[in-house]
Amino acid sequence: MSLLVAHSVFMKQKKFIYHYRNLRWAFGRHETYLCYIVKRRDSPTSYSLDFGFLRNRSGCHVEVLFLRYMSAWQIDPHLSYSVTWFCSWSPCFSCALHLAQFLSEHPNLRLRIFAARLYFCEEKNSEPEGLRRLKAAGAHIAVMTFKDYFYCWHTFVASQDREFKAWEGLNANSIRLARKLRRILQPVDEIDDLRDAFKLLGF
């Protein structure tokens with residue numbers, strides 16, 4: 001099966017570091033990159049495997065491109081599929097809804113998403129609600145840690161045996177984003193209960 005990648009199966013080192021760097025303010029990074037692994041259980045003892053990376057093209061978000069790619073697999077409802085993503089940005093609201101719908105139509109597919117950064121996840125935006133709906137549809141959503149960056153570097157990047165080196169702030173930013181994501185993924189009624197409790201305490 002052909003991979004929908006830009007030029008090769010492996011990403012250039014500078015491109016990976018630039019787009020996946022978990023900066024607090026990631027200015028100028030308007031593209032989203034998605035490294036993926038797809039596994040299909042063909043028998044109790046064997047998996048078929050595909051991997052590669054995608055980026056958004058011609059105004060089409062990378063999540064939608066991946067759904068088109070998965071549709072080309074002609075998903076067999078009698079087999080189980082495991083899909084793992086490592087994304088430079090978390091899905092926007094619209095893409096989260098598309099993914100939730102896709103998962104509801106394919107209950108035999110499990111999706112795990114690890115994001116380097118959270119896309120527009122502020123209270124005034126709709127993205128947090130999109131992530132909550134995606135979680136409710138069964139997706140596992142987490143923030144990339146050093147372990148995930150290390151894995152991606154040696155799986156998707158043309159590293160030429162060069163070891164992955166953490167940039168300054170990687171671990172601290174990962175912890176900060178993970179805390180933010182945990183707050184986002186809390187059910188809305190639990191968030192409201194916490195706010196009411198803080199008001200009673202005078203916070």
Side-chain angles (χ1 to χ4, degrees), residues 1 3-4 19-20 22 26 29-41 47 49-145 148 152 156 174 177-194:
M1 183 177 302
L3 302 177
L4 299 177
H19 285 283
Y20 278 83
N22 60 350
R29 289 160 174 81
H30 304 300
E31 291 183 310
T32 299
Y33 277 76
L34 187 159
C35 297
Y36 65 85
I37 292 178
V38 179
K39 294 181 180 180
R40 179 183 62 198
R41 183 175 286 280
Y47 269 110
L49 173 67
D50 196 8
F51 77 99
F53 74 90
L54 303 171
R55 64 175 176 86
N56 49 311
R57 286 175 168 273
S58 303
C60 186
H61 286 196
V62 69
E63 295 89 347
V64 176
L65 287 175
F66 185 86
L67 293 183
R68 293 177 184 173
Y69 162 69
M70 278 302 297
S71 296
W73 270 60
Q74 298 180 340
I75 298 175
D76 188 330
H78 303 294
L79 298 177
S80 61
Y81 296 78
S82 172
V83 178
T84 303
W85 287 2
F86 299 93
C87 310
S88 57
W89 288 106
S90 60
C92 70
F93 179 75
S94 177
C95 287
L97 295 189
H98 282 300
L99 291 169
Q101 178 66 28
F102 187 81
L103 290 176
S104 69
E105 294 170 355
H106 301 90
N108 57 322
L109 187 147
R110 183 172 62 115
L111 175 62
R112 298 189 303 159
I113 299 174
F114 298 89
R117 298 181 301 271
L118 302 178
Y119 180 75
F120 282 170
C121 282
E122 308 299 335
E123 287 191 20
K124 63 181 180 179
N125 297 322
S126 58
E127 273 63 31
E129 175 60 23
L131 294 182
R132 284 190 287 270
R133 294 192 189 185
L134 185 52
K135 179 187 177 185
H140 169 83
I141 310 171
V143 168
M144 288 179 67
T145 64
D148 301 314
C152 286
F156 303 104
S174 179
L177 288 167
R179 287 173 178 167
K180 185 173 184 178
L181 181 61
R182 280 197 297 271
R183 291 195 299 269
I184 288 171
L185 295 180
Q186 282 184 304
V188 175
D189 55 347
E190 289 186 15
I191 296 173
D192 291 337
D193 289 344
L194 284 173

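When a residue number appears, it is its place in the shown sequence, counting from 1.
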message: With rounding to the nearest 0.5 angstrom, report the CG to CZ distance, Leu79 to Arg40.
response: 6.5 Å

field: Asn108 (side chain) donor-acceptor with His78 (main chain) under 3.5 angstrom
entry: no

- request: Grab the two heavy atoms, one from Tyr81 and one from Gln74, that are nearest each other, plus how far apart they are.
  value: OH-O, 4.4 Å

query: What residues form a side-chain hydrogen bond (donor to acceptor under 3.5 Å, both in side chains) with Arg110, not counting sequence neighbours?
result: Ser82

Run the side-chain donor-acceptor check on residues 95-105: report pairs under 3.5 Å with partners two or more places apart or on a different chain.
from   : atom 1 : to     : atom 2 : distance (Å)
Gln101 : NE2    : Glu105 : OE2    : 2.7
Ser104 : OG     : Gln101 : O      : 2.6

- prompt: How long is the gap from NE2 on His140 to CG on Leu185, to the nearest 0.5 Å?
  reply: 10.0 Å

query: So, does Thr32 use its side chain to make a donor-acceptor pair with the main chain of Ser88 at under 3.5 Å?
result: no

- prompt: So, does Tyr36 use its side chain to make a donor-acceptor pair with the main chain of Asp50 at under 3.5 Å?
  reply: no

By ring pair (Phe, Tyr, Trp, His ring centres under 6.0 Å) - contacts of His19 (at least two apart): Tyr33

query: Could you give the distance from OG (Ser174) to CZ (Arg179), rounded to the nearest 0.5 Å?
result: 10.5 Å

query: For the residue pair Leu65 and Arg55, what are the closest heavy atoms and their distance?
result: CD1-O, 3.3 Å

query: Quick one: does Ser90's side chain have a donor or acceptor within less than 3.5 Å of a partner on Tyr119's backbone?
result: yes

task: Check whether any side-chain heavy atom of Asn22 lies under 4.5 Å from a side-chain heavy atom of Met144, and answer yes or no.
output: no

- request: Please report the shortest heavy-atom distance between Phe86 and Cys152, naming the atom on each side.
  value: CG-SG, 3.2 Å

- prompt: Is the shortest heavy-atom distance from the side chain of Ile184 to the side chain of Lys180 under 4.5 Å?
  reply: yes

Those residues that, when tested against Thr145, pass side-chain hydrogen bond (donor to acceptor under 3.5 Å, both in side chains) (two or more places apart): Asp148

query: Which value, rounded to the nearest 0.5 Å, describes the distance between Met70 atom CE and Leu109 atom CG?
result: 5.0 Å

query: Once you round to the nearest 0.5 Å, how far does SG of Cys87 lie from CZ of Phe53?
result: 14.0 Å

- request: Please name the pair of heavy atoms, one in Leu49 and one in Lys39, separated by the smallest distance, quoted to 0.1 Å.
  value: CD1-CG, 3.7 Å

message: Assess the residue pair Trp85 and Leu54 against the criterion (side-chain contact (heavy atoms from CB on, under 4.5 Å)); give the C-alpha distance rounded to whole Å, side-chain angles, the decisive distance to 0.1 Å, and a yes or no.
response: CA-CA 10 Å; Trp85 287 2; Leu54 303 171; over 6 Å; no

message: Going by side-chain hydrogen bond (donor to acceptor under 3.5 Å, both in side chains), name the residues that satisfy it together with Arg41, two or more places apart in sequence or in a different chain.
response: Tyr47

- prompt: Taking only residues two or more places apart in sequence or in another chain, which ones pass side-chain hydrogen bond (donor to acceptor under 3.5 Å, both in side chains) with Asn56?
  reply: none

- line: NE2 (His61) and CG (Leu34) are apart, to the nearest 0.5 Å, by 13.0 Å

field: Any donor-acceptor N/O pair, Trp89 side chain to Arg29 backbone, under 3.5 Å
entry: yes

